[in-house]
Amino acid sequence: MKFLVIVFFIVILAGIILRYIRSQGAVSGPPSAKVAEIPSIVSTLERNGFGGSFVVFLFTLPGNNDEMMPNIQYSIENGRVGLDWVLEAPQNIKDQIPLADFIKRNGYTVLRNDAEDVPYLRVEGKGVADLGVKILRDFYHLSPDATLELISEGVPRD
């Protein structure tokens with residue numbers, strides 16, 4: 001009985017501590033960003049990142065129940081920031097041809113690359129950060145306020 005009282009006390013104490021930490025903003029869900037914030041985050045990547053640094057914006061689409069969320073990635077390769085359309089998520093694979101056509105219609109060249117046996121489309125050039133916003137807004141019809149899950153490596157948040 002004494003053991004149960006101690007366990008109960010620990011569980012209650014842990015709940016109180018967790019509630020306090022959450023109220024202070026220290027614990028939250030996964031990092032996120034709005035569609036409209038992409039250019040600012042990509043600018044931070046360009047200023048502060050290094051070869052291999054990346055940021056991935058994952059998004060959801062109505063009716064898409066795939067385990068792997070569709071996503072847009074920006075990374076630094078050969079000293080240049082580029083938009084990567086990684087062909088792993090089912091939606092990314094499904095949309096690769098119409099999306100490449102969309103990107104070309106917007107004045108960019110699309111290159112197909114492979115990294116560690118993972119194929120991806122890469123776009124570099126002036127305005128590439130705004131291209132990601134355009135893809136999410138005009139191709140996928142997400143609002144500028146839509147929340148995206150954010151994964152990054154080597155990119156401090158401003």
Side-chain angles (χ1 to χ4, degrees), residues 14-103 105-106 108 110-111 113-116 118-158:
I16 292 169
I17 291 170
L18 184 59
R19 181 172 287 178
Y20 173 76
I21 290 171
R22 282 189 177 149
S23 73
Q24 300 302 308
V27 174
S28 60
S32 64
K34 303 288 184 190
V35 170
E37 295 176 303
I38 290 174
S40 172
I41 295 169
V42 173
S43 177
T44 300
L45 169 66
E46 192 166 28
R47 282 191 323 274
N48 302 322
F50 48 85
S53 296
F54 64 86
V55 62
V56 180
F57 300 96
L58 299 106
F59 56 98
T60 57
L61 298 171
N64 184 334
N65 298 321
D66 296 326
E67 283 183 34
M68 187 177 275
M69 295 167 66
N71 60 82
I72 290 180
Q73 173 178 298
Y74 286 88
S75 66
I76 298 179
E77 282 185 14
N78 302 317
R80 294 184 305 273
V81 168
L83 182 152
D84 305 316
W85 189 254
V86 181
L87 300 172
E88 280 193 309
Q91 191 73 46
N92 284 40
I93 293 167
K94 176 184 168 201
D95 293 341
Q96 68 180 305
I97 292 171
L99 183 68
D101 291 340
F102 176 85
I103 292 169
R105 285 193 310 274
N106 280 276
Y108 292 89
V110 179
L111 302 173
N113 292 332
D114 285 282
E116 299 177 21
V118 177
Y120 64 100
L121 306 178
R122 181 153 176 99
V123 180
E124 295 178 352
K126 185 175 181 179
V128 75
D130 294 323
L131 176 62
V133 173
K134 192 169 188 69
I135 289 168
L136 293 175
R137 189 188 65 218
D138 299 343
F139 189 83
Y140 286 107
H141 309 291
L142 299 179
S143 80
D145 291 332
T147 301
L148 310 169
E149 191 173 320
L150 181 66
I151 301 170
S152 67
E153 178 66 39
V155 185
R157 289 289 302 258
D158 280 343

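- Nearest heavy-atom pair across E124 and V81 is CG-O, 3.9 Å.
- The CG atom of D130 sits 11.0 Å away from atom CD1 of I135, with the distance rounded to the nearest 0.5 Å.
- Just one residue in the list L45, T44, V55 forms a side chain to side chain contact (heavy atoms under 4.5 Å, CB included) with S152, and that residue is V55.
- Although no hydrogens or angles enter the test, the distance criterion places a donor-acceptor pair under 3.5 Å between the side chain of N71 and the main chain of M69.
- The two residues P70 and A89 come nearest to each other via the heavy atoms CA-CB, 4.2 Å.
- Under 4.0 Å is where a charged nitrogen must lie from a carboxylate oxygen, and between D84 and R122 at least one such pair does.
- Taking all atoms of both residues into account, the shortest heavy-atom contact from Y108 to K126 is OH-O, 2.9 Å.
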Given I72 and W85, is the side chain to side chain contact (heavy atoms under 4.5 Å, CB included) satisfied, shown in steps? CA-CA 6 Å; I72 290 180; W85 189 254; 3.4 Å; yes

Could you give me the CA-CA distance, side-chain angles and deciding distance for E88 and N92, then say whether side-chain hydrogen bond (donor to acceptor under 3.5 Å, both in side chains) is met? CA-CA 7 Å; E88 280 193 309; N92 284 40; over 6 Å; no

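- Taking both residues in full, the closest heavy atoms of Y74 and V128 are given as OH-O, 2.9 Å, listed atom of the first, atom of the second, then distance.
- Distance check: L136 CG to K34 NZ gives 13.5 Å after rounding to the nearest 0.5 Å.
- Here the closest non-hydrogen pair linking A100 and L121 is CB-CD1, 4.3 Å.
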Give the intermediate values and the outcome of side chain to side chain contact (heavy atoms under 4.5 Å, CB included) for residues D138 and N106. CA-CA 11 Å; D138 299 343; N106 280 276; over 6 Å; no

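- Between the side chain of Y140 and the backbone N or O of F59, no donor-acceptor pair lies under 3.5 Å.
- Within the model, atoms CG of D95 and CG of L61 stand 8.0 Å from one another, a figure rounded to the nearest 0.5 Å.
- The minimum heavy-atom distance between L142 and V35, with the atom names listed, is CB-CG2, 4.4 Å.
- Rounding to the nearest 0.5 angstrom, the gap separating the CD atom in E153 from the OG atom in S75 is 12.5 Å.
- To the nearest 0.5 angstrom, I38 atom CD1 is 10.5 Å from R137 atom CZ.
- The shortest distance between side-chain heavy atoms of D114 and Y120 does not fall below 4.5 Å.
- To the nearest 0.5 angstrom, S53 atom OG is 12.0 Å from E77 atom CD.
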